[in-house]
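All remarks here apply to the structure that follows.
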Amino acid sequence: MHINSESIIGWYQRHKRDLPWRNTSDPYKIWISEIILQQTRVNQGLEYYLRFVDRFPDVKTLAAAELDEVLRYWQGLGYYSRARNLHKAACQINSMYNGVFPDDYQQILGLAGVGKYTAAAVSSLAFNAAYAVVDGNVYRVLSRLFGVDTPIDSTTGIKEFSELAQQFLDKSDPGMHNQALMEFGALQCVPVSPRCELCPVSAHCVAFKTDAVSQLPVKTTKVKVKNRFLNYLYIEYNGKTFIQRREENDIWKNLYEFPLIESDKLLATEELLSHPLFIEIFDGISEVVIVTTSAVRKHILTHRHIYATFTTIKINETNSYLSRLTKVANADLDRYAFSRLTMLFLEDRYKTLLE
DNA sequence: GAGGCGTGGGA
DNA sequence: TTCCCAAGCCT
């Protein structure tokens with residue numbers, strides 16, 4: 001290997017952003033930041049990080065909290081399994097390591113929600129252990145620098161890049177090396193139209209010299225988008241409404257939502273009213289008034305297109321079905337974690353009420 | 001090992 | 001508009 005990371009580390013020290021998790025050696029806070037930053041940009045995660053560590057400053061505080069509250073702090077950030085696993089891992093650390101964050105790579109790797117990337121990041125950044133991180137940035141930087149066109153999402157690609165990253169690692173300062181490589185990928189060696197004329201290693205970059213920068217890294221799989229149709233029932237009952245907690249292994253698990261009728265296509269109002277579940281939900285209630293049905297909301301996820309409606313329904317009595325749900329005053333809805341889709345509906349509704 | 005899991009931003 | 005993505009992990 002005829003190039004090392006020295007000039008990338010130099011670039012990092014000149015260009016790095018001042019971020020809160022870079023001003024601490026607390027493995028707990030470094031861990032929290034790494035989980036938040038999974039598949040998430042710094043700008044999106046920064047405020048969440050600050051609020052989260054303010055409310056849950058250490059392992060014991062996090063482990064002692066209710067999952068519902070942890071999810072409240074995660075609301076809107078996405079990939080909610082991260083929050084569930086953070087809570088689970090805090091409990092693991094409590095019971096297995098007396099609340100002291102482990103300093104060993106294998107032990108860190110054993111925590112819920114921690115894979116090879118996060119274990120390498122936390123052990124190198126907090127304990128300077130010699131493990132190279134391999135994240136999306138590193139794939140991109142290494143594939144271009146060394147001209148590797150093995151697909152990064154293939155079994156051989158994962159192995160090849162993992163070995164390359166470990167060889168490339170500056171064992172004298174693994175934490176610095178890892179941060180430098182990721183920041184370099186995030187700010188300089190960006191996915192689209194990088195400014196190679198400003199790059200400190202372009203002279204050594206195989207992709208630059210062969211004009212292949214725009215074609216690296218190589219990825220094979222393409223996500224297939226499926227449609228889902230969600231018909232939510234926003235029920236008005238004496239200033240209160242009904243919500244339920246999602247418990248299935250599905251999108252938004254453990255978040256709250258309004259009573260839901262999922263269908264395989266868009267439903268006209270008459271189809272919704274005659275749906276067996278709708279009939280069951282309002283069974284025995286004499287006066288069920290359809291106040292309004294929202295326009296269809298298209299909620300775009302990476303792998304799903306969700307078409308959702310919110311039907312506002314007014315009732316003056318309850319029944320056995322509804323009594324099994326959580327009845328909540330409208331003013332108290334902010335105590336529960338909801339998906340962005342539902343939050344956006346609630347924000348629109350609140351604005352409408354003010355008009 | 002392929003599919004599932006969120007959200008928001010930029011070209 | 002449409003596409004790709006952004007510091008992955010789990011099953």
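Note that these values count all heavy atoms, side chains included, but never hydrogens, waters or copies made by symmetry. Numbers restart at 1 for each chain; the letters A, B, ... are given by sequence-line order, proteins then strands.
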Practice task
Find which nucleotide of DNA chain B each of A:V192 and A:L255 is nearest to by heavy atoms, and output the residue with the more 5' nucleotide.
Solution key: A:L255

Exercise for the section: Assign A:S33 to base, sugar-phosphate, or nothing according to its heavy-atom contacts below 4.0 angstrom with the strands shown. Expected result: nothing

Exercise for the section: Just compare C:dC10, C:dC5, B:dG6 and give me whichever is closest to any side-chain atom of A:N85. Expected result: C:dC10

Handout entry: Residue A:R82, side-chain atoms from C-beta onward, closest of B:dG8, B:dG6, B:dT7
Key = B:dG6

Problem - Residue mapping more 5' on DNA chain C - nearest nucleotide basis, A:G113 or A:E34 - result: A:E34

Handout entry: Among C:dC9, B:dC5, B:dT7, the nucleotide that comes nearest once only the side chain of A:W252 is considered
Key = B:dT7

Handout entry: Sugar-phosphate only, base, or nothing, as touched by A:S193 at under 4.0 Å among non-hydrogen atoms
Key = nothing

Handout entry: Spacing of A:N43 atom CG relative to C:dA6 atom P, expressed in whole Å
Key = 14 Å

Exercise for the section: Go through the side-chain N and O atoms of A:N231 and A:S263 and say whether any donor and acceptor fall under 3.5 Å apart. Expected result: yes

Problem - Between C1' of C:dA6 and CZ of A:R140, the distance in whole Å - result: 9 Å

Exercise for the section: Check the distance between B:dG8's C1' and A:I306's CD1 and give it to me in whole angstrom. Expected result: 15 Å

Exercise for the section: Indicate yes or no: does A:R51 engage A:D54 in a salt bridge with an N to O separation below 4.0 Å. Expected result: no

Practice task
Examine B:dC5: is either OP1 or OP2 under 4.0 Å from a nitrogen or oxygen in the side chain of A:H303? Give yes or no.
Solution key: yes

Exercise for the section: Using a heavy-atom cut-off of under 4.0 Å over every strand shown, decide if A:V133 touches base, sugar-phosphate, or nothing. Expected result: nothing

Exercise for the section: Pick base, sugar-phosphate or nothing for A:I300, based on heavy-atom distances below 4.0 Å to the nucleic acid. Expected result: base

Handout entry: Single hit among A:R22, A:Q13, A:H15, A:Q188 for side chain to side chain donor-acceptor pair (under 3.5 Å) with A:E183
Key = A:R22

Practice task
Would you indicate what A:D250 reaches in the nucleic acid, counting non-hydrogen atoms under 4.0 angstrom: base, sugar-phosphate, or nothing?
Solution key: sugar-phosphate

Exercise for the section: Quickly work out the A:I36 CD1 to C:dG8 P distance and round it to whole Å. Expected result: 13 Å

Handout entry: Whole-angstrom distance between C:dC9 and B:dG8, as gauged at atom P
Key = 22 Å

Practice task
Examine C:dC5: is either OP1 or OP2 under 4.0 Å from a nitrogen or oxygen in the side chain of A:R41? Give yes or no.
Solution key: no

Exercise for the section: Between B:dC5, B:dG9, C:dG8, spot the one nearest the side chain of A:Q38, thanks. Expected result: C:dG8

Exercise for the section: Using a strict 4.0 Å threshold on nitrogen-to-oxygen distance, state whether A:D348 and A:R297 make a salt bridge. Expected result: yes

Practice task
Tell me what A:W74 touches on the nucleic acid: a base, only sugar-phosphate, or nothing, going by heavy atoms under 4.0 Å.
Solution key: nothing

Practice task
Would you mind checking if A:D68 and A:R245 are paired as a salt bridge, meaning a charged N to carboxylate O distance below 4.0 Å?
Solution key: yes

Exercise for the section: Could you please name the option among C:dC9, B:dG1, B:dT7 that lies closest to any side-chain atom of A:Y117? Expected result: C:dC9

Exercise for the section: Classify the side chain of A:T40 and the base of B:dG6 as holding, or not holding, a donor-acceptor pair under 3.5 Å. Expected result: yes

Problem - Matching residue for A:Y28 among A:T61, A:L62, A:I93, A:V100 - test: side-chain contact (heavy atoms from CB on, under 4.5 Å) - result: A:L62

Practice task
Could you please spell out the steps behind the side chain to side chain donor-acceptor pair (under 3.5 Å) verdict for A:E160 and A:T150?
Solution key: CA-CA 8 Å; A:E160 188 174 344; A:T150 313; 2.8 Å; yes

Exercise for the section: Look at the side chain of A:T118 and decide which nucleotide, out of B:dG9, B:dA11, C:dG8, has an atom nearest to it. Expected result: C:dG8

Exercise for the section: Could you pick out which residue, A:T155 or A:L344, lies toward the 5' side of DNA chain B when each is mapped onto its nearest nucleotide? Expected result: A:T155

Practice task
Just call it for A:G45: base, sugar-phosphate, or nothing, with non-hydrogen atoms closer than 4.0 Å on any strand.
Solution key: nothing

Practice task
Mind checking A:I35 for me? I need base, sugar-phosphate or nothing, with any heavy atom below 4.0 Å counting as a touch.
Solution key: nothing

Fill in the blank from the handout: Which of C:dC5, B:dC5, C:dG8 is nearest the side chain of A:K219? It is C:dC5

Exercise for the section: Could you tell me whether A:R246 contacts a base, only the sugar-phosphate backbone, or nothing, with contacts defined as non-hydrogen atoms closer than 4.0 Å? Expected result: nothing

Practice task
Name the closest nucleotide to the A:Q39 side chain, picking from C:dC5, B:dG6, B:dG8.
Solution key: B:dG6

Completion exercise
Per atom distances to the A:T302 side chain, the nearest of B:dT7, B:dG9, B:dC5 is B:dT7

Practice task
Figure out the NE2/P separation between A:H305 and B:dT7, and round it to whole Å.
Solution key: 14 Å

Handout entry: P gap between B:dC5 and C:dA6, integer Å
Key = 22 Å

Practice task
Under 4.0 Å between any heavy atoms, over every strand shown, what does A:R340 touch: base, sugar-phosphate, or nothing? Just pick one.
Solution key: sugar-phosphate

Exercise for the section: Could you check which of B:dT7, B:dG9, B:dA11 has an atom nearest any side-chain atom of A:L301? Expected result: B:dT7

Practice task
Assess the side chains of A:Y256 and A:Q244: does a donor N or O sit below 3.5 Å from an acceptor N or O?
Solution key: no

Fill in the blank from the handout: Separation of B:dG6 atom C1' from A:Y79 atom OH, nearest Å, is 6 Å

Completion exercise
Atom CZ of A:R228 and atom P of B:dG6 are separated, to the nearest Å, by 10 Å

Exercise for the section: Check the distance between C:dA6's C1' and A:Y139's OH and give it to me in whole angstrom. Expected result: 15 Å

Practice task
Determine the interatomic distance between C1' on C:dG8 and the same-named atom on B:dG1; round to the nearest Å.
Solution key: 16 Å

Exercise for the section: Respond yes when some side-chain nitrogen or oxygen of A:K226 is under 4.0 Å from OP1 or OP2 of B:dG4, and no when none is. Expected result: yes

Practice task
Look at all strands and tell whether A:K116 reaches a base, only sugar-phosphate, or nothing, counting heavy atoms closer than 4.0 Å.
Solution key: sugar-phosphate

